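First comes the structure, then the notes that go with it.
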Amino acid sequence: MKYSEHDMYLNPISVGLLLIAIVTLWIYKRRDRAKLPPGPFHIPFIGNPWVLMANPDLRKSLRRLHKQYGDIYRLYVGPKPAVIISGYDAIKEVFVKRGGEFSDRPDSLITNLIAEKHGIMSSSGKLWMEHRKFTLKTLRKFGFGTTNLEGKIDSEVSILLSEIAKQNEQPFNIQHLVQTSVSNVINAMAFGGHFNHDDPKFTKMMKMINENMENIGSNNVALFFPFLRYLPGDMFRVKKTLRNVKYEQGFIGEIIGKHVENFDESKMEDFIDAFLLEMKNNRDQKSSTFTKKQLIRTVSDLFVAGTETTTTTITWAVLYLTAKQDIQARVFREINEIVGTDRVPSLQDKHYLVYTEAFIMEVLRVCNIATVSFPHTCAVDTKLRDFDIPKGTTLLPDIDSVLFDPKIWGDPEEFRPERFIDKKGTLLKPEEFIPFFTGTRNCVGQSLARMELYLFITALVQRLELLPPDGETLDINEIDGVFGVTHKPKPFEIRAIQRKE
Ligand code: HEM
């Protein structure tokens with residue numbers, strides 16, 4: 001048999017493949033030497049994505065794995081290991097006591113491609129630290145967690161109630177209406193804006209955010225195999241997601257442009273103004289992190305995180321109130337006794353509306369919209385208990401393992417607001433109640449979210465009787481949750497009947 005010259009020499013593709021194989025084997029060898037936490041069988045390069053994708057309810061898969069492998073175990077998402085931290089003790093050990101070591105964000109489609117490691121959510125190290133501090137300080141200045149913001153939220157609640165009244169007590173899906181109102185609260189703080197419920201540009205923007213939240217959920221294999229996005233077509237919706245992000249950034253860029261045009265140092269009215277001032281004050285420093293890119297990404301984080309999470313929680317609350325009429329009646333009774341119906345519930349009433357607060361906490365616990373929080377990593381090779389954790393490893397805090405731990409809650413599967421009230425009728429605040437996560441990287445918007453949940457939900461129950469469509473009962477078990485970036489209920493309809501004065 002004769003060999004041609006072409007057969008004798010390796011062509012560039014073969015050389016490339018050979019090099020990739022050598023590098024990958026080297027990485028695997030290095031990892032083999034590391035003592036990673038235990039975990040299920042995986043195939044090199046492929047990992048074991050089926051262990052999470054087998055059950056549409058992500059929480060059920062995580063509970064099974066936690067039981068089998070303990071508090072710290074690993075999965076392989078594609079070629080890379082991800083370590084799951086479960087149970088309150090392990091979460092506290094890693095993200096509170098050693099929070100400084102585990103507060104970076106790992107490389108991923110979201111952090112690298114969408115956010116380009118900017119903003120708050122996807123940044124790490126000095127950039128993250130500086131901007132988390134600046135954002136908290138600035139948002140506090142514009143009302144975060146204080147009563148100054150109450151009037152703004154009240155006016156959005158009142159617009160929401162009139163939009164609901166337009167439904168004429170017919171079945172409707174409340175999610176979109178809530179989303180616009182909630183978004184307008186963070187918009188006011190971030191860029192002093194308000195959008196009408198029928199504003200076409202804003203509605204388009206909301207639609208894109210919703211699409212992205214579903215597209216880049218834990219069930220999208222392109223998150224584990226980023227190269228899939230280069231395949232022709234858009235089977236994994238990555239291209240669509242990036243197009244949506246571009247639109248979103250253009251939308252925010254336009255708003256920033258208007259702020260730049262009208263910038264007046266003596267009139268600081270919102271987050272963008274405060275950031276532009278910081279940019280101006282730092283313009284001589286080459287290493288300043290106050291850049292336009294960082295501004296766009298931060299506003300985008302506030303906009304997306306501040307809208308999606310709170311909207312989803314209020315939507316779950318409406319679902320539970322509608323499905324559990326006895327609980328709705330008890331919340332209404334309490335509001336009626338303490339506030340009456342002549343004025344809207346205020347933050348000053350919050351302390352006395354113990355059952356209502358317990359109801360909101362139980363919604364946050366059971367619906368647990370951030371099931372595995374957001375990925376963390378460490379900047380250097382380190383150890384956790386007996387295990388090696390190579391730098392850059394993804395660590396996922398399994399919040400569900402805490403909020404559904406029978407050792408903490410007794411009967412976690414039951415929806416029972418009373419669990420947050422003691423014998424004397426006082427509201428309990430267990431340290432294991434961590435829907436906003438815990439430690440150095442906990443939720444920046446927690447105080448805003450708690451204010452919004454309280455003011456929106458009390459006003460809805462005070463003014464409206466929330467009923468299933470067609471007077472039938474609504475079976476909560478038939479409305480599954482969908483796991484995208486957040487855990488949200490599948491679309492459902494209710495009727496909202498005006499309560500008689
Ligand atoms: C019910 C509503 C909310 C829930 C349950 C929630 C939950 C969470 C959770 C679990 C994290 C991830 C922590 C981590 O592991 O890194 C987080 C981060 C974050 N949240 Fe929220 N959140 C809510 C509302 C809000 C609101 C209203 C804002 C608006 C300001 C917001 C802004 C953020 C930001 C910017 C981060 C990133 C923090 C960082 O990386 O340092 N969230 N939130």
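We count ligands from 1, going down the list as the structure has it; atoms in each ligand are counted the same way. Just so it is clear, the values below take in all heavy atoms, side chains as well, and ignore hydrogens, waters and symmetry mates. Just so we're clear, the structure is a prediction, and the values are computed from it rather than from any experiment.
- Remark: ligand 1 atoms within the under-4.0 Å shell around heavy atoms of Arg105 are 14 (C), 16 (O), 39 (C), 40 (O).
- Close approach of ligand 1 to Ala370 (heavy-atom distance below 4.0 Å) involves ligand atoms 10 (C).
- At a 3.5 angstrom cut-off on N or O pairs, Asp301 does not count as close to ligand 1.
- Contacts between Thr313 and ligand 1, counted as non-hydrogen atom pairs separated by less than 4.0 Å, involve the side chain only.
- Test Thr393, Leu395, Thr377, Asn112 against Pro106 for side chain to side chain contact (heavy atoms under 4.5 Å, CB included) and you get one pass: Thr377.
- In this structure, of Ser373, Pro397, Cys443, the residue bringing a heavy atom nearest to atom 43 (N) of ligand 1 is Cys443.
- Cation-pi check for Arg441 over Phe95 is not met; the charged atom does not lie both under 6.0 angstrom from the ring centroid and within 45 degrees of its normal.
- Scanning for ring-ring contact (aromatic ring centres under 6.0 Å, His included) contacts around Trp128 gives an empty result, with sequence neighbours left out.
- The local environment of NZ in Lys133 is sparse, with at most 12 non-hydrogen atoms from other residues, nucleotides or ligands closer than 6.0 Å.
- Contact atoms of ligand 1 toward Pro435: 5 (C), 7 (C), 10 (C) (distance under 4.0 Å to a heavy atom of the residue).
- Under a cutoff of 6.0 Å and an axis angle of 45°, Arg105 and Phe374 do not form a cation-pi pair.
- Close contacts between ligand 1 and Gly306 involve ligand atoms 26 (C), 27 (C), 28 (C), 29 (C) [criterion: under 4.0 Å to a heavy atom].
- Every atom of ligand 1 is numbered from 1 in the order shown, and the set under 4.0 Å from a heavy atom of Arg132 is 38 (C), 39 (C), 41 (O).
- Looking at Thr394 and Val83, their side chains never come closer than 4.5 Å, going by heavy atoms from C-beta outward.
- For Asp270 and His259, the side-chain atoms include at least one donor-acceptor pair closer than 3.5 Å.
- Near Leu302, meaning under 4.0 Å from one of its heavy atoms, ligand 1 places the atoms 30 (C).
- Shown in contact with Ala449 at under 4.0 Å from a heavy atom are these atoms of ligand 1, numbered in order with element: 2 (C), 24 (C).
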Taking only distance into account, with no hydrogens and no angle test, what donor-acceptor pairs under 3.5 Å do side-chain atoms of residues 351-361 form with protein atoms, sequence neighbours excluded?
residue	atom	partner	partner atom	Å
Thr356	OG1	Glu334	OE1	2.6

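- In the candidate list Glu308, Arg450, His376, Arg441, Arg441 is nearest to atom 40 (O) of ligand 1, counting heavy atoms.
- Judged purely by distance below 3.5 Å, without hydrogens or angles, the side chains of Gln175 and Thr315 never pair a donor atom with an acceptor atom.
- Distances from atom 6 (C) of ligand 1 to the heavy atoms of Phe436, Trp128, Phe437 put Phe436 nearest.
- Of all the heavy atoms of Met121, the ones lying under 4.0 Å from any atom of ligand 1 are found in both the backbone and the side chain.
- The proximity of Ile369 to ligand 1, defined as any non-hydrogen pair under 4.0 Å, is limited to the side chain.
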